[in-house]
There are 2 protein chains.
Amino acid sequence: MQQSPVPPDPPIYRRIADRLREAILSGDLRDGDRLPGENALMAEYGIARATARQALSVLINEGLAVPKRGSGVYVRLFRPIRRHGSRRLSRRQWERGQAIWDSDTEGRPYTVDDVNIDREVAEEAVARILDSAEVWVRRRRYSVDGRPVQLSVSHFPAALVEGTAITREDTGPGGVYARLGDLGHAPAHFTEEVRARMPHPHETVQLDLPAGTPVIAIGRVAYTAAGVAVEVNEMILDAASYVLQYDFDS
Amino acid sequence: MQQSPVPPDPPIYRRIADRLREAILSGDLRDGDRLPGENALMAEYGIARATARQALSVLINEGLAVPKRGSGVYVRLFRPIRRHGSRRLSRRQWERGQAIWDSDTEGRPYTVDDVNIDREVAEEAVARILDSAEVWVRRRRYSVDGRPVQLSVSHFPAALVEGTAITREDTGPGGVYARLGDLGHAPAHFTEEVRARMPHPHETVQLDLPAGTPVIAIGRVAYTAAGVAVEVNEMILDAASYVLQYDFDS
DNA sequence: ATCATTGATTTCTCTAGAGAAGTGCATCAC
DNA sequence: GTGATGCACTTCTCTAGAGAAATCAATGAT
């Protein structure tokens, strides 16, 4: 057989999904508006319930819509926070009014819940970087406007921070970086590795993520001026809540 | 009524998905291994086809599995490329063997297909940043090992680059940045904004993305030493193919 | 006015079954 | 050996229907 030159027309559920997506992206349906539900689609197109659900699930898994059980399916909103990698550099002229994507200029108040501090045996990658088999681990969750947006797990070499405020809930003024400075190990250089992926179940729960929302995973390593690694911080961000900004010369 | 203290046990499809996920994350099922299919799950658990499909769709939308029509459902592999923000800084001691996530050290050969160069009226955000209503636009797609991994759309102020090699397919040795240097507008500073989201349909097609794969959207602005914006580059990366690395002092 | 109840509406879960369409392997003709 | 054919198996699409569970507004009792 020769290659069929006829593009097979897409299945019903996909055509419906395409239509609805178009309505969302074009702005016909705005943030928070309600989409036609299962019953409405069944009636409008004369299709079975499963087919209507399949159409809606496409948009839900694309992160464009959010289902509310017992209520309806709604257009999802995107209003991110801007997170700066290098504060020093980004505070230059090229920052003001020059952003590509709209975002709330920071300054939104964080709250921290679920602090958890522990001494543990480090997993392989962390032990290698910190050159320390045992580590103190600080786990926290950050919320903005009462909604959780970020998980953070910090690791410190046990021998270095033993007995300091870093092993206690209240780290004092300036936080952990100030305490590392007190120890003569002030961070001077950072490396951040950034990935994006779909969340694991426990991340979905802790960040209260709707379907179709990826997470941004950041692995940050802090080094002293001498090049000694003093912290490994693994962060998980709700991708719908963040725009990361990095500035650099070259 | 009081708050029900009984956690309602999860539905069947979710329990099955949890089991399979566990098998994948624990390493029982490795990259490329085949998962039990619809028919196997129907038989094993005595459930309807739709329920078995729903269980598998959970993993597919999480990006852990990839369905191959007519063949089976397989465990997805993750073998990312490392992309450096600031080459200069990351080429220091703290780079060697200090990565958190495994990745192919770069050097993998890129190929560029689908080059497309055009003079256009800039959209609002780009016009504002470049301070130019008209722009030259270079669209390209990058592939590694024959698989598309990145889309890139570069904008240049029309008045600046008119008549130069930047408006032609072959930009000559050193690429567009060398040409901007020839014009006395060598880029000296970069700002990158990073987001993650689920792909739009045309991105899914052009990057050949399976379901459950987010994209990383990078908006990069290049500035001269004088602070003049000379390029806006919007990139879309297959999130399963990349780890971004940023290095900075502070 | 406030609170509890009821009922309509909505999404969610699942069953049972049918046919279309793509894959991959074994078999057969040459 | 080589290529074509057929068949088993797989995922994909869709129908029809049922009950559970959550939401929301209106109604009624206090």
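Throughout, protein chains are lettered first and strands after them, A, B, ... in sequence-line order, and every chain is numbered starting at 1.
- Along DNA chain D, the nucleotide nearest A/Gly70 and the nucleotide nearest A/Ala50 are compared for position; the residue whose nucleotide lies closer to the 5' end is A/Ala50.
- A salt bridge is absent between A/Arg30 and A/Asp33; no separation between the charged side-chain nitrogens and carboxylate oxygens falls under 4.0 Å.
- The CZ atom of B/Arg15 sits 8 Å away from the P atom of C/dC14 (whole-angstrom rounding).
- For the OP1/OP2 pair of D/dT11 and a distance below 4.0 Å, the side-chain nitrogens and oxygens of B/Ser71 include no atom meeting the criterion.
- Closest to the side chain of A/Glu38, out of C/dC12, C/dT10, C/dC14, is C/dC12.
- When distances run from any side-chain atom of A/Val73 to the nucleotides C/dC14, C/dT11, D/dT11, the shortest one goes to C/dT11.
- Distance A/Arg14 CZ to D/dC14 C1': 15 Å, rounded to the nearest Å.
- Comparing A/Ile47 and B/Pro67 against DNA chain D, the residue whose closest nucleotide sits nearer the 5' end is B/Pro67.
- Using a 4.0 Å cut-off between a side-chain N of Lys or Arg and a carboxylate O of Asp or Glu, A/Glu203 and A/Arg197 qualify as a salt bridge.
- Remark: B/Arg139 engages B/Glu120 in a salt bridge, criterion side-chain N to carboxylate O under 4.0 Å.
- B/Ile12 comes within 4.0 angstrom of the backbone, heavy atoms only, and of no base.
- C/dG22 atom C1' lies 15 Å from atom CG of B/Asn39, rounded to whole Å.
- Taking every side-chain heavy atom of A/Thr51 into account, D/dT15 is the closest of D/dT11, D/dT15, C/dT13.
- Residue A/Leu56 is classed as having no contact, given no heavy-atom separation below 4.0 Å to the nucleic acid.
- A side-chain contact (heavy atoms from CB on, under 4.5 Å) with B/Val73 holds for exactly one of B/Leu56, B/Val66, B/Leu59; it is B/Leu56.
- Of all non-hydrogen atoms in B/Arg15 and B/Pro10, the two that sit nearest each other are NH1-O, 2.8 Å.
- Which of C/dA18, D/dT15, C/dA16 sits closest to the side chain of B/Arg49 comes down to C/dA18.
- Distance B/Ile16 CD1 to C/dT15 C1': 14 Å, rounded to the nearest Å.
- Taking the side chain of B/Gln54 as heavy atoms from C-beta on, and the options D/dT11, C/dC14, D/dT15, the nearest nucleotide is C/dC14.
- Of the candidates D/dT11, C/dT15, C/dC14, D/dT11 carries the atom nearest the B/Arg69 side chain, counting heavy atoms from C-beta on.
- Distances shown here put a side-chain N or O of B/Tyr13 below 4.0 Å from the OP1 or OP2 atom of C/dT13.
- Straight-line distance from the CE atom of A/Met42 to the P atom of C/dT10: 12 Å, rounded to whole Å.
- Nucleic acid contact class of A/Arg34 (heavy atoms, under 4.0 Å, all strands): sugar-phosphate only.
- Atom CZ of A/Arg49 sits in a crowded spot, with more than 12 heavy atoms from other residues, nucleotides or ligands closer than 6.0 Å.
- Between B/Tyr45 atom OH and C/dT13 atom C1' there is a gap of 17 Å when expressed in whole angstrom units.
- When rounded to the nearest whole Å, the span between CG of B/Leu35 and C1' of D/dT10 equals 14 Å.
- Taking side-chain N and O atoms only, B/Arg53 has a distance below 4.0 Å to OP1 or OP2 of D/dC12.
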